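No experiment lies behind these values; they were computed from the predicted model shown. Throughout, residue positions are numbered sequentially from 1 according to the sequence presented. Atoms within a ligand are numbered from 1 in the order they appear, just like the ligands themselves.
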Amino acid sequence: MQKTPILMKFGGTSVENAKAILNLISIVKSKIEQGFSPILVASAMGKITDRLLFCANLAKENQLEKAKEIVRDEIRILHFNTVGVLLKGAGNEEEIRRKLDLLLEELKDLLTGVSLYGELTPRFLDTFLSYGERLSTLIISEALNFHKVKANLCDSRKVLVTDSHFAKAVPDFPKTKIKLEEIVKPIYEADSVPVLQGFVGSDENGITTTLGRGGSDFSAAIFGSLLSVAQIEIWTDVSGVLTTDPRICSEAKTVESLSFNEASELAYFGAKVLHPSTIRPAIERKIPVYILNSKKPQAEGTKITKNVSKDSQEPKAIAFKEGLVNLQVVPFEMIQHAEFLALVTGVFAKNKVNVDAVTISESGVGIVFEKTSEYDRVKQELKLLGEIKVSENVGLVGIVGKNFWLKKDSLELILHNLMNFKIHVFSQGTLGIVLSFVVESKDVQEVVRNLHKLLFEKNEFVR
Ligand code: ASP
Ligand code: MG
């Protein structure tokens with residue numbers, strides 16, 4: 001009987017050393033035992049992409065020897081040691097080391113090229129950085145085979161077809177689908193595990209491209225959705241999305257499920273969720289995406305789907321941003337509201353400053369935004385439009401969860417809880433997904449803990 005295909009993506013920390021890869025192997029094994037047919041996408045071993053980037057820059061700055069030293073003493077040693085543990089007694093240990101060395105020699109030649117030209121182009125960097133994933137997946141697929149999981153290494157450059165926008169290539173879905181069906185599908189249909197590099201692809205001329213830093217999640221979503229897998233699993237080093245930042249609140253726990261829009265709101269607030277736009281292809285095709293912890297494979301993770309059940313109306317997580325400014329502008333003379341709002345927001349658009357919240361009233365417009373290097377310029381330009389009043393040092397706290405505050409007594413409880421804090425702005429997000437408060441910066445963390453206690457630690461809150 002044909003097994004159910006699923007896509008499993010392992011990030012840098014989930015393949016960072018032999019121990020992590022042994023974990024990966026046991027996770028993959030248990031999936032196979034459960035009747036699934038996994039397709040693997042892996043990142044470079046933890047930090048390797050950063051180190052490669054560092055080497056490339058060294059070579060460009062005329063420090064070729066130092067760059068080669070890092071390849072030899074850090075990158076080579078890490079991969080060789082990993083092979084030493086994973087393939088101990090396999091018999092092909094030396095052969096794999098030779099294969100790794102071939103790749104590492106190419107890396108060093110590329111570095112020589114960079115130091116000669118003294119230039120780093122995005123096109124070059126894509127090729128150069130792809131070695132991180134090519135090294136890691138070579139080891140992973142061999143280790144799987146040695147540990148009795150039949151696996152085949154695939155070359156993502158032959159599968160993921162992109163345009164030639166180096167460093168941020170755009171996938172060609174129809175062409176990639178054809179390649180997946182040609183190359184990857186026969187592998188898992190024959191009960192072997194295809195092992196693909198995340199992040200890496202190639203353009204129509206066969207030149208290596210990448211999807212941009214952190215692009216492996218996107219690779220996973222592209223491959224998973226085009227192969228219509230039953231689910232996509234993003235294996236990382238945290239137990240999914242948490243109810244809030246655990247550094248602020250030790251009681252933070254895993255959020256069971258999120259809608260795509262809820263996950264997007266959290267990411268917008270700067271919560272460390274994977275970038276929701278990268279999993280859009282999967283969500284659009286109604287494929288659930290799980291975020292799971294490879295260090296605690298038994299722990300529950302977070303499931304992200306297009307929609308959550310309509311009537312769930314539950315708070316999901318609390319996110320926050322600190323270091324914001326609340327600025328009010330009152331027009332010098334009578335002017336139509338909409339026109340004034342356009343003038344004010346125009347200043348932000350022109351200076352490319354993100355706006356976090358907007359309020360408008362008879363007397364003027366209030367904008368909450370991040371205090372970036374453009375701050376003084378923005379302020380100067382707004383002074384030409386009206387009288388300004390600024391509260392620096394505010395922060396934004398947002399509770400994400402579709403319409404949970406519409407449930408009986410919910411809003412009263414929340415507001416009652418915040419009675420002792422100064423609230424500058426209080427708003428309900430556009431799609432009914434986030435309830436947010438602009439408070440004093442010094443109060444942000446306490447407000448978060450306070451709300452977390454109310455919403456996630458006590459039973460008092462109607463759920
Ligand atoms: N290795 C690449 C990076 O670190 C891609 C990824 O891990 O998603 O950016
Ligand atoms: Mg990574």
Quiz item: Is there a heavy atom of Gly214 sitting under 4.0 angstrom from any atom of ligand 1?
Solution: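 Under 4.0 Å: yes for Gly214.
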Quiz item: With a 4.0 Å cut-off on heavy atoms, is Gly11 touching ligand 1?
Solution: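 No, Gly11 has no heavy atoms under 4.0 Å from ligand 1.
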Practice problem: Could you tell me whether Glu204 and Lys175 have a side-chain N and a carboxylate O separated by less than 4.0 Å? | Solution: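 Here Glu204 pairs with Lys175 in a salt bridge, since their nearest N and O are under 4.0 Å apart.
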Quiz prompt | Lys303 and Glu256 ion-paired at < 4.0 Å | solution =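 A salt bridge is absent here (no side-chain N lies under 4.0 Å from a carboxylate O).
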Quiz item: Is the distance between the ring centroids of Phe369 and Phe348 less than 6.0 Å?
Solution: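 When the ring centroids of Phe369 and Phe348 are compared, they turn out to be within the sub-6.0 Å range.
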Quick one: which ligand 1 atoms are inside 4.0 Å of a heavy atom on [X]?
| X | answer |
| --- | --- |
| Ser43 | 6 (C), 7 (O), 8 (O) |
| Arg213 | 3 (C), 4 (O), 9 (O) |
| Thr49 | 1 (N), 2 (C), 3 (C), 4 (O) |
| Ser216 | 5 (C), 6 (C), 7 (O), 8 (O) |

Exercise. Give yes if a backbone or side-chain nitrogen or oxygen of Asp217 is under 3.5 Å from a nitrogen or oxygen of ligand 1, and no if not.
Key: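 No, Asp217 has no N/O under 3.5 Å of an N/O on ligand 1.
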Quiz item: Is any N or O atom of Glu133, backbone or side chain, closer than 3.5 Å to an N or O atom of ligand 1?
Solution: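 Indeed, backbone or side chain, Glu133 has an N or O that close.
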Self-check item: Lys321 NZ/CZ over Tyr268 ring centroid, <6.0 Å and within 45° of normal
Solution: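 Verdict for Tyr268: a cation-pi partner in Lys321.
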Self-check item: Worked check of side-chain contact (heavy atoms from CB on, under 4.5 Å) between Val241 and Leu266
Solution: CA-CA 9 Å; Val241 178; Leu266 279 176; 3.8 Å; yes
Quiz item: Parallel, tilted or perpendicular: which describes the rings of Tyr131 and Phe128, with under 30° parallel and over 60° perpendicular?
Solution: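 Taking Phe128 first and then Tyr131, their aromatic rings sit tilted (interplane angle of 30° to 60°).
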